[in-house]
Each structure stands twice: as C-alpha cells, then as structure tokens.
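All remarks here apply to the structure that follows.
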Protein chains: 2
Amino acid sequence: MARKEDKFLDDFLAYLLARASHLVSEDYAIVLKEAGIDRPRWRVLASLSDYDKMTIGELARKVLMKQPTLTKVLDKMEEEKLVKRRHSKEDRRAIKIAITKKGKEKVSKLLIKAKKHEKAILKNYTKEEEKVLKHVLRTFIERL
Amino acid sequence: MARKEDKFLDDFLAYLLARASHLVSEDYAIVLKEAGIDRPRWRVLASLSDYDKMTIGELARKVLMKQPTLTKVLDKMEEEKLVKRRHSKEDRRAIKIAITKKGKEKVSKLLIKAKKHEKAILKNYTKEEEKVLKHVLRTFIERL
DNA sequence: AAGAATAATTTCATTATTCATATATTATTA
DNA sequence: TAATAATATATGAATAATGAAATTATTCTT
C-alpha cells in the first residue's frame, strides 16, 4: 500500500473534516475542563459573545444543536446565571438569549485561551494556507 | 458590525471546522438514510474498505468512537453479517474485525455516492484550494 | 377573523454514550 | 519464574441525547 491518498478515507473530505474537527476540539477540551465548563456551554457563551440576544432558534443553528437540546442546556445555564431569557419585542413568540455579566467573565478568559490554542495549531502553516483553509470552510458554511 | 471575520466564531478555526464538518456530513446523511444505514455503521464499513482486519482499538480511533461504543456497534453489525470478529493470531487479547461479502456489497455503492457528493461540494473550488484544504486537514490529523 | 405557520417548550420512548470495572492475555521486571 | 503492570475487549449501570408528538403562544396571510 503506497500513499495515504490512495485510500478512500484519507482522501475523503467529510472524513478529513470530521477527524480534524474532532481532534482540534478534543485538544481544546482540556482547557475547558480546567475552566470547569463543558462544550455545549462553551459554545453558547462563545456564540453570545459575538451575537448577543439571539433567539433560541438562531442560537441552535450556531451551536449545532437541536432546538429541544438547546432549551435544556439554556435551562441549566439560566440557573447558573450565565444567560438570561427575555421575550423578544419584535416577535413575542420568540425568546432572546442574552449573556450575563457572570457569563461574560467566564467566557472572556476562554476566548483568549482559545485564540492562543488556535495560534499554536496553525503555527506550522503559512498565512496563505490559513487563509485558504478558513475561506473554504467559511464558504462551505454559507452554501450548505 | 462589519465583516464576519471580525467576529470571534467566524474566524475561529475549531468552530469553522466543526460547523463545516457538521454541514457536510449532514448533507451526506440523506444518502445514508436512503441506503438504510446509519453513520456509525457507514464509518465502520468505509474504514474497513481501506484497512480490512483492524483491531477494535485501531478501528475506534479511525471512526472517532470510544471503544465501548464501537464494541456495541460491532455487536449489531456482526449480527447483521456486515462484519466478522476473529481472534488475532499475534495477540490473543485483540480481535480483528473483517468486512464480509455482504458488508462489501453494501459499502461499495456508498463509496461511489460519497465521492460524487464530495465532487459536488468541491466543484466551486480550484484544484489548488482543494489541495491546500486536504493537506492542512491531513497534517492536523497526523500531528494531533 | 380564520387558518396556516412559526417559536419555544414539554413529554415520552428509544437509543447512544460514558464510566468504571471485569476478564483474558501479554509484557516487564525483580 | 512469580508477581506486577499494561493492554485489548466486553459488560452493566447510570446518564444523556435524540426524535417525534402534542401543547401553548404568537404572528402572518388572505
């Protein structure tokens, strides 16, 4: 058996993505564990640090969870005072999720660590490679 | 709010990977559903189509599952006659998993469809972009 | 205003996942 | 070589995730 690329999986995009994603986020999971937070919560807080006051539906798409799953995560996070629920003014069916002060404090340190972690992972690649990688991933997300 | 890249998540590698991976594999899940197979089984069969007779531990790493999870998946797949267990000759603690004729038949059509699906996803990108993307992903996997 | 659609929640049954541990085997080492 | 450690897999119980309905409240369409 010669080159890896001759194998199906080692040249299969969906697999390369899944595996790379899995490894990268598993690697960062150590940081999360130290901070005493799990992945769903981290994702919610990180999302809210970009877009505060999303509806639950919007947030569910961002964090790659099903809506009923997210509802339950938010129940716990609300109890822990990391997020708040507010009825949307525009659409009173919808609920806007906002991050609390406590939530912001928790996430701000993690954001810095996350960026450091990413830098470490990308240090062996050129700026150009990083640019292509992120561009392609970003456009996948837009198109799919 | 200007560009997406100014947001944390939209420039955060782990998130871009997770989301792209999620979307790509969700898109292919339609094909799997039609074929009446679920993701764990598909991953096992696809892995075995490259490397037949892996031990359970090796396979678990390939398919991104914990060993106990995989053992249970294999129990079902063995019952369905998609795979076989054999004691390893070199190490009698270990068990080698082999794909059966039925398993091969099942997976061969899916491999073709998977490649088609990938081609469709990548059609908007240059060969060079595809090369960089896969190279970076592959080296993540090797290094992490 | 009626009916369809949407947002979120709740419930329930099913299935999956994890953790810790058990068993068998192999490797190490004193 | 006997004891100990390490490895590969299996198992069982506890926990969690998922999917599919049914529910409530609200908004949109005509």
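Below, each value reflects all heavy atoms present in this structure, side chains not excepted, and no hydrogens, waters or symmetry copies. Naming: A, B, ... by sequence-line order, numbering from 1 per chain.
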Please name all residues satisfying ring pair (Phe, Tyr, Trp, His ring centres under 6.0 Å) with B:Tyr28, sequence neighbours left out, ordered by chain then number.
B:Trp42, B:His117

What integer distance in Å separates B:Lys76:NZ from C:dT14:C1'?
11 Å

Below 3.5 Å, does any donor atom in the side chain of B:Lys72 face an acceptor in the base of C:dT15, or the other way round?
no

Verify same cluster id: A:Tyr15, B:Ile37 (apolar side-chain graph, 4.5 Å)
yes

Of the residues in residues 58-69 of chain B, which ones touch DNA chain C at a heavy-atom distance under 4.0 Å?
B:Lys66, B:Pro68, B:Thr69

Decide if atom CD of A:Glu79 counts as having more than 12 heavy atoms of other residues, nucleotides or ligands within a radius under 6.0 Å.
no

In whole Å, what is the span from the CD1 atom of A:Ile95 to the P atom of C:dT6?
18 Å

So if I define the base as every atom that isn't primed, P, OP1 or OP2, how would nucleotides 22-30 of chain D read as a B/S/- string at a heavy-atom cutoff under 4.0 Å?
---BBS---

Nearest-Å distance, CG (B:Asp75) to P (D:dT9)?
13 Å

Listed by chain and number, what are the side-chain contact (heavy atoms from CB on, under 4.5 Å) partners of A:Lys109, not counting sequence neighbours?
none

Find the distance A:Leu74:CG to D:dA17:P and express it as a whole number of Å.
13 Å

Here the salt bridge (Lys or Arg N to Asp or Glu O under 4.0 Å) pairs for residues 26-42 of chain B, sequence neighbours left out, are B:Asp38-B:Arg41, B:Arg41-B:Glu80

Taking only residues two or more places apart in sequence, or in another chain, which ones meet A:Phe140 in a ring pair (Phe, Tyr, Trp, His ring centres under 6.0 Å)?
B:Tyr125

Contacts to DNA chain D from residues 37-48 of chain A, heavy-atom cutoff under 4.0 Å, which residues?
none

Apply side-chain contact (heavy atoms from CB on, under 4.5 Å) to B:Leu16 and list each qualifying residue two or more places apart in sequence or on a separate chain.
A:Lys134, A:Leu137, A:Arg138, A:Ile141

Output yes when at least one side-chain N/O atom of A:Arg85 is less than 4.0 Å from OP1 or OP2 of C:dT9, else no.
yes

Excluding sequence neighbours, so at least two apart, what forms salt bridge (Lys or Arg N to Asp or Glu O under 4.0 Å) with B:Glu58?
none

Whole-Å gap separating C1' (C:dA8) and CZ (A:Arg86)
17 Å

Winner on side-chain proximity to B:Ala94, out of D:dA8, C:dA8, D:dA10, is D:dA8

B:Ser21: partners by side-chain contact (heavy atoms from CB on, under 4.5 Å), with sequence neighbours left out
A:Leu17, A:Ala18, A:Ser21

Taking only residues two or more places apart in sequence, or in another chain, which ones meet A:Lys115 in a salt bridge (Lys or Arg N to Asp or Glu O under 4.0 Å)?
A:Glu118, B:Asp11

Output every pair passing side chain to side chain donor-acceptor pair (under 3.5 Å) with a member in residues 63-77 of chain A, not counting sequence neighbours, ordered by first then second residue.
A:Asp75-A:Arg85

